[in-house]
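Only a predicted model underlies this, so the values are computations on that prediction, with no experimental measurement involved. Chain identifiers are assigned alphabetically (A, B, ...) following the order of the sequence lines, protein sequences preceding nucleic acid strands; residue numbering begins at 1 within each chain.
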Amino acid sequence: MFSDVSSKVSFPGMEEEVLKLWAEQDIFKKSVESRKEGKEFVFYDGPPFATGLPHYGHLLAGTIKDIIPRYQAMRGHYVSRRFGWDCHGLPIEALAQEALGLAGAPAIQEAGVDVFNEQCRSMVTTYVEEWEKTVTRMGRWVDFKNDYKTMDKNFMETIWWVFSQLWEQDRIYKAHRIMPYSWKLNTPLSNFEAGRNYQDVQDPAITVRVRLLDFEFEHASALIWTTTPWTLPGNLAICAGPDIDYVALKDKETHEVFVLAAARVSAYYKKEEEYEILKTFKGSELEGLKYEPIFDFFGGNPHSFQILNDDFVSTEDGTGIVHMAPAYGEDDYRVCRGYDIPLVDPLDEDCKFTGLVPDYEGEFCKDADKAIIQALKHGGKLIYQSTIQHSYPFCERTDTPLIYRAIDAWYVRVEDLRERMLKNNAGVHWTPDYVGEKRFANWLADAKDWNISRNRFWGSCIPLWVNVDDKDDIICVSSCEQLEELSGVKVDDLHKHHVDKILIEKDGKTYKRTPEVLDCWFESGSMPYAQNHYPFENKEHFEANFPADFIAEGLDQTRGWFYTLMVLSTALFDKPAFKNVVVNGMVLAEDGLKMSKRLKNYPDPMNVINEYGADALRLYMIYSPVVRAESLRMSEEGVKHSLRHLLLPWWNAYSFFVTYANIDEWTPAQSVPERDNLMDRWIQSSLARLEQQVSDAMDRYDLQASVRPFVQFIEDLTNWYIRRSRRRFWKSEDDTDKMQAYSTLYEVLIGLSKIAAPFTPFISETIYQNLKTDDMPESVHLCDFPTAADAKRDEVLEGQMAVVMSAVEQGRTLRGEYKLKNRQPLAKMHVVCDDEKLLANIQALESLISDELNVRTVEFSTDSSELATIQAKPNFKQLGPKLGPLMKKAVPLINSLTDEQIASISAGETVAVELEGKTIELTSSDIEVVRNPKEGMAVSAEGSLVVGLDTQLTEGLLTEGLAREFVNKIQSMRKEMDLEVIQRIHIGFKGDEAIGTAVAKYGNYIEAETLALSCKAQSEEDETGMQWDLNGHACFLSIRTAS
RNA sequence: GGGCGUGUAGCUCAGUUGGUUAGAGCGCGUCCCUGAUAAGGACGAGGUCACAGGUUCGACUCCUGUCACGCCCA
């Protein structure tokens, strides 16, 4: 006996039970361990930041990361799944700052890096519990106990090893990065921090001329414009836009020649009479022109004092020629670097001028503006002076203006890896393909050297110890052991507040660690090695199982995890880090906007799970384009939909089976292998098709396509197989056919639960648990995925059934058109098909058709001429290429072919027609034959199939219809009374003569259908029972249960 | 501003190498069926396939441009 199954199931409740079962029997562990002998399928989990609760994006990625490994495990692979946590970086630092009330980097230093870092460490775990709860509730199987955290010592040690590998390859170099800098606190800030305190300020805006050397006009100067005069002593170049138009103009008053952007002339001259245009240039023509340095502090700087070209130059303000001080501007730095101009930075840590600029030595840079402007004026170089009001970033702690300046930074040389990365990427299978082939490949082709240093606190430390007296003398430490050897200090923790205290004394020299920490992307990119503590441990295992078979993350990781994995794996092993990757899109709120806590424009994930269940949510997400990198508008209705249209019908099918199997005390032991009934063979073939379609799609990592065939299958199972087979299950004698029906439905339900197990692990498990026999694995997730080898497909039968279904559908349509309800039996139906073989196949299912459409006989024939006319339509695909431009004119010709012509073409002959003097030979593949129902008849035609209904109603048919109506009302009453399915009853009725006749004639039928022991007329006076209208005949019906 | 993607019914989405009548589900309307009942079926209304050009006998599909939205970058 199976456990009774209620059709009124609570899916979320059922899921909780399954979770309990998994936990109690340790199924996840068993599912991994039982495949130990199988080939390993390697999965890498991209670590999320542990700084907030999981949202739909995480649930989505988590579902993908669950389905593929579950599937691969069922395919016999060993799939270990370790959860990962990204513990370092700004998000967690921001939380810690908030908790400690620290406003920025300097405040942290003041409070103590140790205090701060320990605060970060303690907060990482804040969300761990909540995450584990949600992830588990979603049905994701992942190992939280054997997880990896980027803050673990072993993980961090491997990071050092990875870094040292790059160091040995000479990939690490020190350069600069332009960052906002607080001169008051002597520290750089992140761009994020700089963005939090903008103030409106007035700054000088001056236009300065630089004298051009060897220009085609005498006494010529280029005009530049700046709002930071203090950067002019550090001016090393000026820059023009290559496509911008510039003019050389002569000032009619002073007779001097100025060069500036044509679009900016009007900003300096009110009237055209004031100047004369001498020549127009493109910016590209100015490139390389030398000029006289504005100040002579750095006169000898290589490659300097020339006009450069770059596209960033605009003509929105200024002169269209940009002054470049590479130490004080991002564009300046970048452009000058391209021209090999080394930067000069004459400011000390307080942003005061150093001895390099003796004129202003000791003066704070911004305070020097006045003196510098004076000097320019005296030197005749100041053309125009004004002030500008603009919004400018301030230090949020000290309210002093930030200075953008070059900060030391460490880089990984990546640009020379481009070719190798592209080659490695070419071997990666991306879903969808364009993300890898276009988006990611383009990004790789344009990869820039990677700034890996952060002037922060909570992260992996850059393992470089620098000689305090010689900045070029650097030791790269690659392991804890090495650091212990070099320093004599025992190393227990690799975080900044511990490691920075460790000095290395070697050959009388002292080495101190460079203060920066590593970009946390460096850590996630090192995850394949670091999670295994490679190469300190697991060396062979790692090397035998790298790269990963599969990873999955969101589209936003193109520049994130996907990229850092590729950079490091290419540099270290010249391989990609993953073979297959599924890229999901973003989950948006239903209104198409980003989900926003503030707007509350989305339902809480836990509420959705508790309302509809995790299976429904999983199915909804997976059966959408979001698994192909497109965005998804998260809709609660959609979740409900997948519950109603997939899970519920499936559950009902299962509930139907269990109900009747229990009534008949059918057990799997009575299972028989024979399948005489075409319906049984057909549903098994459909299941085989499902197996094939799902595994094909899964092997391509196409999740959406792997869910799609379930929709059709559930439809076929419930709306055709079960509905059409229902009687076989409740005919009272245990005949062979019934045994076969039970066996078939049982096998199908078991098979379906296996195929669906990776997608909807809960309902699959529940159904499996109830149906399984003792010799089957204890969980559906320990089963093997059914493969094509097991498949009992019969495609001919599938095709045949499709035609039958079409015939039935047409019959139903005709009944609708002629307002003949299905309970009214009809005498005859015609099914016509000129394909004899097909017709014979349909004929084999005659009883199915007659039963479904409630007709007494079905007449099969190959001649449709009585019911329909035929017409030829051109087959464009075939004829188009043959006829070319004549195609259009051939259409009416073909449409008007005679019946005889069509017949002979169909018979395989060739018919020639004339078109514009040319002879066209038409063969059967050139035309399509269309059948049109004849007017005034109940006929429908589709393809080669024509269906006709005999709509004549005889006395006998009406009487039978009445009996059917009678049964229907009794059944409604049984249901209304909530009777057990097997409850026997006595029926009483009172009605007119027609009803009496019907009951007299069909009494046995009525009793059999309604499980009635008797059906008797009540006396005239007896007014008990319900009043009904049976096809216009008033009637009282009453039911008495039999004891 | 650049790269990539998306734009098809009121909504969510399918649409195979170009082939004439562009599909499904939800919602709406009408009817039907029912021991799958938190259902099911049939029919109907609803589309200038974002827009504009081009290639072709033929374009939702290929090409070019424009617009809107998304992700990433600047």
Legend entry - Between A:N451 and A:D519, a side-chain donor and acceptor under 3.5 Å: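 Checked: A:N451/A:D519 side chains show no N/O donor-acceptor pair below 3.5 Å.
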Under 4.0 Å between a side-chain N or O of [X] and OP1 or OP2 of [N]?
X	N	answer
A:H645	B:G40	yes
A:Q712	B:A24	no
A:R708	B:U16	no

Inset, instruction - Among B:A38, B:C4, B:G35, find the nucleotide with the atom closest to the side chain of A:Q971. - result: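 Minimum distance to the A:Q971 side chain belongs to B:G35.
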Legend entry - Proximal nucleotide (of B:G41, B:G25, B:G35) relative to the A:E715 side chain: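 Selected nucleotide: B:G41.
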Legend entry - Least distance between heavy atoms, A:I178 atom then A:G329 atom: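 Minimum heavy-atom contact is CG1-O, 3.5 Å.
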Inset, instruction - Scan nucleotides 69-74 of chain B nucleotide by nucleotide, 5' to 3', and note B when protein non-hydrogen atoms come under 4.0 Å of the base, S if they reach only the sugar-phosphate, - if neither. - result: -BBSS-
Legend entry - Lys/Arg-Asp/Glu bridge criterion (N-O < 4.0 Å) met for A:D716, A:R689: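 A salt bridge links A:D716 with A:R689.
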Legend entry - Salt bridge present between A:D446 and A:K448 (N-O < 4.0 angstrom): yes
Inset, instruction - Could you run through RNA chain B and flag its stems, i.e. three or more consecutive Watson-Crick or G-U pairs with both distances under 3.5 Å? - result: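 Only these stems qualify: B:1-7 with B:67-73, B:10-13 with B:23-26, B:28-32 with B:40-44, B:50-54 with B:62-66.
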Inset, instruction - Could you check whether A:D446 gets within reach of a base, just the sugar-phosphate, or nothing at all, counting any heavy atom under 4.0 Å? - result: nothing
Pair up each side-chain donor or acceptor in residues 628-636 of chain A with any protein partner under 3.5 Å, not counting sequence neighbours, and list the distances.
{"unit_1": "A:R628", "atom_1": "NH1", "unit_2": "A:Q704", "atom_2": "OE1", "d": "2.4"}
{"unit_1": "A:S635", "atom_1": "OG", "unit_2": "A:E637", "atom_2": "N", "d": "3.3"}
{"unit_1": "A:S635", "atom_1": "OG", "unit_2": "A:G638", "atom_2": "N", "d": "2.8"}
{"unit_1": "A:E636", "atom_1": "OE2", "unit_2": "A:Y612", "atom_2": "OH", "d": "3.3"}

